[in-house]
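Quick note on labels: first sequence line is chain A, next is B, and so on, each numbered from 1.
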Number of protein chains: 2
Amino acid sequence: MANKRAYHHGDLRRALLDAALALAEDGGPMAVTVREAARRAGVSHNAPYRHFPDKETLIAALSEEGFVELARTLRTARAEVRDPEDRFVATGMAYLRFARGHPGHMAVMFGPGVAKSQTPELQRAANDAFQVVKDVAADAGIVELAETRRLGTVAWSFLHGLSVLWAQKQVPPSVGSSAELLVELGSRHLYRSFAQSARKRS
Amino acid sequence: MANKRAYHHGDLRRALLDAALALAEDGGPMAVTVREAARRAGVSHNAPYRHFPDKETLIAALSEEGFVELARTLRTARAEVRDPEDRFVATGMAYLRFARGHPGHMAVMFGPGVAKSQTPELQRAANDAFQVVKDVAADAGIVELAETRRLGTVAWSFLHGLSVLWAQKQVPPSVGSSAELLVELGSRHLYRSFAQSARKRS
DNA sequence: CCTACCGATCGGTAGG
DNA sequence: CCTACCGATCGGTAGG
């Protein structure tokens, strides 16, 4: 009751976003309903329209929030390590950590029904997040710019794939390796292999 | 009218599955509705219940079908190439091809709301598909079994991540590389790097 | 931020 | 495989 009260004093927007995140975590973006979010926040089913003009806007806000937070997380991780290879790995770890800690955000960021509400802010946030990955790949010191981009995309794909498969428990436990170990291993192999190829070529 | 008629003569099950696939492709598994599938197949909204006891079963059938077809595709690709490394790459290409050619299947196989209807047949089909990836990884001739599994999981993650990001057009076109090139590149780097590490260790 | 209400859609059952 | 119907839920508007 006490927390419900708090929403009435300026936190409703946040409460609605949190409720929507929980819904997205379970059933994806399409499972988010304005009415259920309102219910969980303890308000009437159309109070949300005070804060979001419609459902699409609410979900787009969540997605943007996710990309902003992801970019921040990646940038922080990158800034904390000196050695380029370790920095590459640390950034990968940060991606995994974000994906694990924000399943609801991941669902709206990459789930179905995304193409719809591509606000400019959302576009910008998504591009910014990917920029960090490109920056980290650039640390490998590969001369050819196109190859740097390829390393970034390959690494991003690997991290993303592992994160979503893990989130859905689609990675057989028989593997017996923690997600962290796999991120470390995969990232290091990719980094070294790309860097080595580039060195040979020049 | 002619094709609608055909459904009345034994093809309704298939028509419903195809309609559901189209729905899943657009909005994920949660966007599949029995009624809309029936509508598209040209039958009354509850004719589907003749073929599927409920909605969950319909979706589980689609998912199982997807895993069976994926496993078949991967196995075929693997069988067509001799050299272990090329075989590894060819299998990766097959994964990408499947993901591109079956977006509806991919959505139900890996989308939200999967945990629900895990029939034994579905479980078996999914495990079988992953087995192929493990087999291909085993071709690398890595002695340590655990390391072979890790290579398989890392590669599967990479292929899966690239496929889903590409399907959602989340890979910036600025990369200027086709998905095929990235699969080839990533697969080759991973294969060689893992194999080389294993050789050094022994 | 609320009550009351709208048209639409859904999963599923009854009964044939 | 169909018509008719059920209870429930949804997005959104009206009006305050």
Sugar-phosphate means primed atoms, P, OP1 and OP2; the rest is base. With that split, encode nucleotides 8-16 of chain C 5' to 3' as B, S or - using protein heavy atoms under 4.0 Å. --BBBBB-B
What I'd like to find out is whether the side chain of Arg13(A) reaches to under 4.5 Å of the side chain of Phe52(A), using heavy atoms alone. yes
Considering residues at least two apart in sequence or located in another chain, which fulfil the ring-ring contact (aromatic ring centres under 6.0 Å, His included) criterion with Tyr49(B)? none
Is there side-chain contact between Leu185(A) and Arg150(B), with heavy atoms separated by less than 4.5 Å? yes
Tell me which nucleotide, if any, is Watson-Crick or G-U wobble paired with dC2(C) when both distances must be under 3.5 Å. dG15(D)
Are the charged groups of Asp86(A) and Arg188(A) less than 4.0 angstrom apart, N to O? yes
Does a side-chain N-to-carboxylate-O contact under 4.0 Å join Arg149(A) and Glu144(A)? no
